[in-house]
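None of these values were measured; they are calculated from a predicted model. Residues take their numbers from the sequence shown, with the count starting at 1. In listed order, ligands and their atoms are each counted from 1.
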Amino acid sequence: MQSEQPSRTDVLVIGGGPAGLYAAFYAGWRGLSVRVLEARVEPGGQLMALYPDKIVYDAPGSPQIRAAGLVAALLAQLEPLEADLRMGEVARTLGPDGEGGWIVGTDKSQYEAGAVILAAGLGALLPRDVRIAGVETHPDIRTDLPDPAGLAGRQVLVVGGVPQATRAALELVEAGAAVTLTHRRAGFRGDPGMLARLEAERSAGRLRVLAPAVLSHLTPDGAELTVNGEVAHVQADTVLVLNGYLPDLSPLLGWPLEWEGEYVPDGPGGQTVLPGVYVVGDLARSGGDFKLLSLAFGQAALAANHAAHHVRPELKVRPGHSSERGGYPRPASQI
Ligand SMILES: Cc1cc2nc3c(=O)[nH]c(=O)nc-3n(C[C@H](O)[C@H](O)[C@H](O)COP(=O)(O)OP(=O)(O)OC[C@H]3O[C@@H](n4cnc5c(N)ncnc54)[C@H](O)[C@@H]3O)c2cc1C
């Protein structure tokens, strides 16, 4: 449950991509309280927004892991540490808190922390704008699906061929919505299991698929589509348009961080020009165009351990070996 006035945490991570999740893990592993702010409705960064269905071959120690599976593993590793994950919040402001820490402002709240780890990647991954004629006439157009159960019993038109569209259609069917899935191409993206389920639901008549189809315009009660040369009207209480995500760095560009293009310069341990503010992953200048998960994980570990020493000087920067600890530390909330 999200409280009105969130408590101060030792570390605030901005960005719930792989670098942010791993930094959150390491900070929690050091016994610090951690909060993660993520612009999207789900964690995972580029892996979940841009290629959840693709197989990654060069993630450390995980041969041939699907991007969505790698994110699930990162979340499972983080879970015992009880980090506070706040989805659907874009960090927009950063200022000193007067006590050596920082206050980060979002559209919804303000968060205080002893240290901030910027893991914002290419920027906030926000849904593409809906550019369909008649969009202003329909009363319920959405670009994300945080809660499929909220659409139970409704007629929903899902538009798009990305993995999120396939997944949304399946989740909505499961939640009890009457779903039509449409895309301008014949094929849909998703992992093999998801595509098999899509076919099974379609064959069983529980999900209507119209593809390839041209969506000419939206109407107050649905949409006009052309399928196989014939015009069809699809009734829809809700239209969910999932056309992918575009990165937006603009919420952060005003922050006093000495930007170099789309990068934030970093010193040892990911330190930026602001004391107690670190940068990791694709956003860090030191990685340059070398945008790789393996690098992001290393940077995240370094920054989190430097942050640990920054907020609690009694903690050494070096964490020691996890294999010698014999188990997870107690979450900061239980200390
Ligand atoms: C198609 C594709 C395939 C790839 N394949 C591989 C591969 O096989 N191997 C490999 O090593 N790398 C691969 N990469 C690169 C890899 O995905 C990136 O290096 C990695 O995602 C970087 O992680 P990150 O956490 O720094 O950034 P991101 O993954 O970009 O995550 C940053 C997160 O921060 C959030 N955010 C940004 N700004 C804000 C804000 N102001 N407030 C709140 N949240 C914010 C974003 O919404 C995003 O979720 C691939 C990339 C792409 C696009």
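- With sequence neighbours left out, the salt bridge (charged side-chain N to carboxylate O under 4.0 Å, His left out) criterion links R206 to E201.
- Among residues two or more places apart in sequence or in another chain, the ring-ring contact (aromatic ring centres under 6.0 Å, His included) test is passed with Y245 by none.
- Taking the ring-ring contact (aromatic ring centres under 6.0 Å, His included) definition, one finds that Y263 meets it with nothing, sequence neighbours left out.
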Which pairs of N or O atoms, one from ligand 1 and one from the protein, are separated by less than 3.5 Å, and what is the distance for each pair?
unit_1, atom_1, unit_2, atom_2, d
ligand 1, 9 (N), D58, OD1, 2.8
ligand 1, 11 (O), L293, N, 2.8
ligand 1, 14 (N), Y51, OH, 3.2
ligand 1, 17 (O), Y51, OH, 2.5
ligand 1, 19 (O), D282, OD1, 2.8
ligand 1, 19 (O), D282, OD2, 3.4
ligand 1, 25 (O), P18, N, 3.4
ligand 1, 25 (O), A19, N, 3.0
ligand 1, 26 (O), D282, N, 2.9
ligand 1, 29 (O), Q46, N, 2.9
ligand 1, 30 (O), Q46, NE2, 2.8
ligand 1, 38 (N), A124, N, 3.1
ligand 1, 41 (N), A91, O, 3.0
ligand 1, 42 (N), A91, N, 2.8
ligand 1, 44 (N), A39, N, 3.0
ligand 1, 47 (O), E38, OE2, 2.7
ligand 1, 47 (O), L125, N, 2.9
ligand 1, 49 (O), E38, OE1, 2.7
ligand 1, 49 (O), E38, OE2, 2.9

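- Checked for salt-bridge contact, E89 and R40 miss the test: no charged N lies under 4.0 Å from a carboxylate O.
- Taking CG of L70 as the reference point, atom CG of L293 lies at 6.0 Å (rounded to 0.5 Å).
- W255 does not carry R92 over the face of its six-membered ring by the limits of under 6.0 Å from the centre and within 45° of the normal.
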